**Student:** 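One structure, as structure tokens, below. Some questions next.
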Amino acid sequence: MAEHAKRCAVVTGGGSGIGEGVSRRFARDGHKVAILDIDSDNAERVAAEIRSAGGVAQAYRADVSMRADMEAAIGAARAALGPVGILVNNAAIEAFTPFDEVDDAAWERIMAVNVRGPYLAVQTVLPDMQEAGWGRIVNIASLAAQIGAMNMSAYSTSKGGIVAFTRTLAVELGPKGITVNAIAPSFIDTPMARRAITGDDFTKQFEAILAGYPIARMGRPDEIAAACAYFAAEDAGYTTGQLLGVNGGAAF
Ligand code: NAP
């Protein structure tokens, strides 16, 4: 692999689910992976397993909604692994609540993690990418941003925001050699999805929803990671501002 391909890649929420899959894939692709997660035990576990397999990875505890955490974690990653070339904004939370029962605190927490988090992450890595004249940013959105999803008003709104964030940054950062793309997964087999499936309303609907997909199963984290790997590739520099559904054909 060419030396330039060994980028420092920051993956938020990299200690679980999709982020774990992306971290493992990037490490296999030769990148140096900085795993940021609010769950430091999980982040350390994934980093240690990557290192055992011969890859390069470090774990950093951060609440992505906190500027101080973000700056400390990415500063430490930069010092250990070099300037950040790739960022995957993956960490997010969800809640299933009828709209008339959503309270201010829950709404604001989802916006803080799912929207403010990516805003802080991009601002923090941007100096490295601008200096290099090269960068790859991938934002994990959701099918919930594209179709109506019952009892997910705050989450869906946050993911719709991420799609607009992606398109806006693609315009601003394209001239600087930085691409910004988004992925909209449907149901991917992760701890987050497993928690959702055990929710009262969702359990009843889940099998029927999946059965209606052309590929009638849950997706896997490695299938999202493959899309991230494409958007992060050296030769993907003409692809920006895109929203890619990795969703078993759930929406066209
Ligand atoms: P997950 O299994 O819950 O993993 C998310 C990771 O992010 C967890 O380690 C979580 O820690 C961490 N995290 C949560 N809040 C954080 C914060 N404030 N700061 C830093 N880390 C934080 O979720 P996932 O299913 O892999 O989801 C990953 C992404 O895919 C999310 O953006 C999600 O919206 C999106 N997505 C998932 C699906 C799906 O079906 N799985 C579908 C569409 C979109 P804790 O476990 O401690 O909270």
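Bear in mind that the values here come from a model prediction, so they are computed numbers and not experimental data. Counting starts at 1 for both ligands and their atoms, following the listed order.
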**Student:** Just going by heavy-atom distances, which of Ile140, Ile224, Thr190 is nearest to atom 25 (O) of ligand 1?
**Tutor:**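 Among Ile140, Ile224, Thr190, the closest heavy atom to atom 25 (O) of ligand 1 belongs to Thr190.
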**Student:** Starting from atom 15 (N) of ligand 1, locate the nearest protein heavy atom and write down its residue, its atom name and how far away it is, to 0.1 Å.
**Tutor:**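 The closest one turns out to be Ile93 CG2, 3.7 Å.
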**Student:** Pick, from Asp39, Ile18, Asp37, the option with the minimum heavy-atom distance to atom 9 (O) of ligand 1.
**Tutor:**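 Checking each option, the heavy atom nearest atom 9 (O) of ligand 1 is found in Asp37.
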**Student:** Run the numbers for me: atoms of ligand 1, each under 4.0 Å from some heavy atom of Arg109, listed by number.
**Tutor:** 18 (N)
**Student:** Shortest non-hydrogen contact from Ala27 to Val33?
**Tutor:** N-CG2, 3.7 Å
**Student:** Under 4.0 Å from a heavy atom of Phe187: which atoms of ligand 1 are those, numbered in the order shown and with their elements?
**Tutor:**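 So the answer, numbered in order with elements, is 40 (O).
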**Student:** In terms of heavy-atom contacts, does CE of Met66 have more than 12 from other residues, nucleotides or ligands at under 6.0 Å?
**Tutor:** no
**Student:** Can you name the nearest heavy-atom pair linking Arg7 to Ile86, along with the distance?
**Tutor:**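 In this case the closest contact between Arg7 and Ile86 is CB-CD1, 3.8 Å.
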**Student:** For residues Asn114 and Ser158, is any side-chain donor paired with an opposing acceptor at under 3.5 Å?
**Tutor:**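 There is such a pair between these side chains.
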**Student:** Just need the protein heavy atom nearest to atom 19 (N) of ligand 1, so name the residue and atom and give the distance.
**Tutor:**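 Closest protein heavy atom to atom 19 (N) of ligand 1: Val64 N, 2.9 Å.
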**Student:** Taking a hydrophobic cluster as the set of Ile, Leu, Val, Met, Phe, Trp and Tyr residues connected by side-chain heavy atoms closer than 4.5 Å, whether directly or through intermediates, do Leu126 and Leu36 fall within one such cluster?
**Tutor:**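 Looking at the clustering, Leu36 is in the same group as Leu126.
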**Student:** Answer with yes or no whether the side chains of Thr97 and Asn151 bring together a donor and an acceptor at under 3.5 Å.
**Tutor:**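 Their side chains do not contain a donor-acceptor pair, so the 3.5 Å distance test is not met.
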**Student:** Below 4.0 Å from ligand 1: does a non-hydrogen atom of Val113 turn up there or not?
**Tutor:** yes
**Student:** Decide, yes or no, whether a salt bridge links Arg194 with Asp189 under the criterion of side-chain N to carboxylate O below 4.0 Å.
**Tutor:**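 Asp189 and Arg194: salt-bridged.
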**Student:** Can you tell if the side chain of Ile162 reaches within under 4.5 Å of the side chain of Pro118, non-hydrogen atoms only?
**Tutor:** yes
**Student:** Under 4.0 Å from a heavy atom of Gly13: give me the atoms of ligand 1 that qualify, with their elements.
**Tutor:** 6 (C), 7 (O)
**Student:** Do me a favour and list the nearest non-hydrogen protein atom to atom 20 (C) of ligand 1 with residue, atom name and distance?
**Tutor:**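 Answer for atom 20 (C) of ligand 1: Ala62 O, 3.1 Å.
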**Student:** Return the residue, atom name and 0.1 Å-rounded distance of the protein heavy atom closest to atom 40 (O) of ligand 1.
**Tutor:**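 Ranked first by proximity to atom 40 (O) of ligand 1 is Ile188 N, 2.8 Å.
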**Student:** Thinking salt bridges, do Arg45 and Glu20 make one under a 4.0 Å N-O criterion?
**Tutor:** yes
**Student:** Tell me whether Arg195 reaches ligand 1 (any heavy atom closer than 4.0 angstrom to a ligand atom).
**Tutor:**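 Contact present.
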**Student:** Can you pull out the closest protein heavy atom to atom 36 (N) of ligand 1? Residue, atom name and distance to 0.1 Å, please.
**Tutor:**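 Nearest neighbour among protein heavy atoms for atom 36 (N) of ligand 1, to 0.1 Å: Tyr155 OH, 3.6 Å.
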**Student:** If we count only N and O atoms by modelled type, under 3.5 Å, do the side chains of Tyr230 and Thr239 hold a donor and an acceptor together?
**Tutor:** yes
**Student:** List the steps and the verdict of ring pair (Phe, Tyr, Trp, His ring centres under 6.0 Å) for Phe187 and Phe206.
**Tutor:** CA-CA 9 Å; Phe187 295 112; Phe206 181 69; 5.1 Å; yes
**Student:** As an exercise, identify every atom of ligand 1 less than 4.0 angstrom from a heavy atom of Ser142.
**Tutor:** 43 (C), 44 (C)
**Student:** In terms of residue, atom name and distance, what is the protein heavy atom nearest to atom 23 (O) of ligand 1?
**Tutor:**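 Protein heavy atom at minimum distance: Met192 CB, 3.2 Å.
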**Student:** Does ligand 1 have any atom sitting under 4.0 Å from a heavy atom of Pro221?
**Tutor:**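 The answer is no: ligand 1 sits nowhere under 4.0 Å from a heavy atom of Pro221.
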**Student:** Grab the two heavy atoms, one from Ile38 and one from Arg109, that are nearest each other, plus how far apart they are.
**Tutor:** CD1-NH2, 4.3 Å
**Student:** Give the residue and atom name of whichever protein heavy atom lies nearest to atom 47 (O) of ligand 1, and the separation in Å to one decimal.
**Tutor:** Ile38 CG2, 3.6 Å
**Student:** Could a heavy atom of Asn90 be found less than 4.0 Å from some atom of ligand 1?
**Tutor:**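 Yes, that is the case, since the closest heavy atom of the residue is under 4.0 Å from the ligand.
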**Student:** Measuring from non-hydrogen atoms of Lys159 to any atom of ligand 1, is the shortest distance under 4.0 Å?
**Tutor:** yes
**Student:** With nothing but distance in play, are any N or O atoms of Asp63 less than 3.5 Å from an N or O of ligand 1?
**Tutor:**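 Such a contact does occur with ligand 1.
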**Student:** Would a single hydrophobic cluster contain both Ile178 and Phe165, if residues Ile, Leu, Val, Met, Phe, Trp and Tyr are joined by side-chain heavy-atom contacts under 4.5 Å?
**Tutor:** yes
**Student:** Distance under 4.0 Å to a non-hydrogen atom of Pro191: what atoms of ligand 1 satisfy this?
**Tutor:**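 So the atoms of ligand 1 that pass are 2 (O).
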**Student:** Compute the minimum heavy-atom distance from Ala141 to ligand 1 and say whether it is under 4.0 Å.
**Tutor:**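 Right, Ala141 reaches ligand 1.
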**Student:** What protein heavy atom sits nearest atom 42 (C) of ligand 1, and how far off is it?
**Tutor:**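 For this ligand atom, the closest protein heavy atom is Ser186 O, 2.7 Å.
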**Student:** Below 4.0 Å from any atom of ligand 1, is there a heavy atom belonging to Arg194?
**Tutor:**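 False for this residue.
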**Student:** Identify the heavy atoms of Pro214 and Gly249 that sit nearest to each other, and give their distance.
**Tutor:**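 Minimum heavy-atom separation between Pro214 and Gly249: CD-O, 3.3 Å.
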